[in-house]
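Written below as structure tokens is the structure these notes are about.
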2 protein chains.
Amino acid sequence: MGGRLTRQRASVLRVLTACQDFVSAQELHVRLVTADIPVGLSTVYRALRDLERAGRVDVVRDEAGERLYRPRPADGHRHYLICRRCGRSRPLDSDVVERWAERVGAESGYSAVEHTVELSGICGRCTGLCA
Amino acid sequence: MGGRLTRQRASVLRVLTACQDFVSAQELHVRLVTADIPVGLSTVYRALRDLERAGRVDVVRDEAGERLYRPRPADGHRHYLICRRCGRSRPLDSDVVERWAERVGAESGYSAVEHTVELSGICGRCTGLCA
DNA sequence: ACTCGTAATGGGATCCATTTTCATATAGCC
DNA sequence: GGCTATATGAAAATGGATCCCATTACGAGT
């Protein structure tokens, strides 16, 4: 499914996983280069696109419209609460929403219904900093 | 709050309302020009930004990341089910999600929690066309 | 281990939605 | 009418993402 296993792709996934949070492609690229892992920016974009297709990463957009990536946890969680200030994210238990989306889809006469759910706020740590 | 009422701003809101569905800024601009209402593209963007700030329009992003605008219904609905093929949208009764988001926000220790919910699918009409 | 076909790489060019700039026009108040 | 802060718009800038294409290198087959 994945294609060839190259040094670059392995590195992208490894560093992305080490981030433990949502990162942009550009940010990830900087981290790779900084860590003396030479990778082209296009390669980072391609690796992330492929990971997304394979369902190995979750993607959100920040307020600027930039795409942010995070490896999908083993338990399959796909929805997050993200701090607008520091970017830290935590997976959400979204069963309620999942079921709601399914029901709406079924009742609507639409097929192949997909859903996007994102929560954002200011996390406790950041709130403290501003108080 | 609104600023000055200019011919251009009035036109943007009028044509947007006539659309009855999500439209991009560029598309809206074309419609205006086609209707012999000369308006600059930047003005359309500015008008939409102001309408968004005033809470008079809802915004979503299509798969390409382009921003799509739609006047917010009087009842304050903000979540939609959108056809990925033809773009037609219908407001959703999202009380369930609203309450869920509120609860998660309260339990999480995050403040100023906001949420985004979007459903997309293929509407009945479009499904028929492809059968 | 060697060869070879094919997929992957990278860096520059390109795309394109959105924003900014700034000189000009105009809404709206006296 | 006159004035001034605000709005306009054409062009240029911005910036994320994608494309191009000559070059590299994975890895299957032998």
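Side-chain atoms are counted along with the backbone in the values below, which use heavy atoms only and exclude waters and symmetry mates.
- Computed from coordinates, the B:Glu66 CD to D:dT18 P distance equals 14 Å when rounded to whole Å.
- Across D:dA25, D:dG16, D:dA7, the shortest atom-to-atom separation from the side chain of A:Arg4 is found for D:dA25.
- Here the P atom of nucleotide C:dT19 and the NE2 atom of B:His29 are 15 Å apart, to the nearest Å.
- Between the P atom of D:dA7 and the CG atom of B:Leu51 lies a distance of 13 Å, rounded to the nearest Å.
- No more than 12 heavy atoms of other residues, nucleotides or ligands shown are found within 6.0 angstrom of CZ on B:Arg78.
- What separates CG of A:Leu48 from P of C:dA8 is a distance of 15 Å, to the nearest Å.
- Spacing between atom CD of A:Glu63 and atom C1' of C:dT18 amounts to 16 Å, rounded to whole angstrom units.
- For B:Leu68 and B:Leu5, each mapped to the nucleotide of DNA chain C holding its nearest heavy atom, the one lying further toward the 5' end belongs to B:Leu68.
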| said: Applying side-chain hydrogen bond (donor to acceptor under 3.5 Å, both in side chains) to A:Arg70 and A:Ser89, what does each step give before you reach the verdict? | reply: CA-CA 9 Å; A:Arg70 166 181 170 143; A:Ser89 60; 2.5 Å; yes
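- Put simply, the side chain of B:Arg67 does not reach to within 4.5 Å of the side chain of B:Phe22, judged on heavy atoms.
- One interatomic measurement links the two molecules: CD of B:Glu52 to C1' of C:dT18, which rounds to 13 Å at whole-angstrom precision.
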Give me the distances for all protein-to-nucleotides 8-10 of chain D N/O pairs that come in under 3.5 Å?
unit_1 : atom_1 : unit_2  : atom_2 : d
D:dT8  : OP1    : B:Thr6  : OG1    : 2.6
D:dT8  : OP2    : B:Arg9  : NE     : 3.4
D:dT8  : O3'    : B:Gln8  : NE2    : 3.0
D:dG9  : OP1    : B:Gln8  : NE2    : 3.2
D:dG9  : OP2    : B:Gly40 : N      : 2.8
D:dG9  : OP2    : B:Thr43 : OG1    : 2.8
D:dG9  : N7     : B:Arg46 : NH2    : 2.4
D:dG9  : O6     : B:Arg46 : NH1    : 3.3
D:dA10 : N6     : B:Ser42 : OG     : 3.3

| request: For side-chain contact (heavy atoms from CB on, under 4.5 Å), just list the numbers for A:Val104 and B:Leu92, CA-CA rounded to whole Å, side-chain angles, deciding distance to a tenth of an Å, and then say yes or no. | output: CA-CA 8 Å; A:Val104 169; B:Leu92 292 175; 3.5 Å; yes
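- Using a 30° and 60° split on the angle between ring planes, B:His79 and B:His115 fall in the tilted class, from 30° to 60°.
- Listed for the A:Arg125 side chain is no donor-acceptor partner under 3.5 Å among the backbone atoms of A:Cys86.
- Dashed line: the shortest gap from a side-chain N or O of A:Tyr45 to OP1 or OP2 of D:dT18 is not under 4.0 Å.
- Following rounding to the nearest Å, B:Leu28 (CG) and C:dT18 (P) show an atom-to-atom distance of 12 Å.
- B:Glu27 has its CD atom 15 Å from the C1' atom of C:dC16, to the nearest Å.
- At a threshold of 4.5 Å between non-hydrogen side-chain atoms, the residues B:Leu68 and B:Ile82 do not count as touching.
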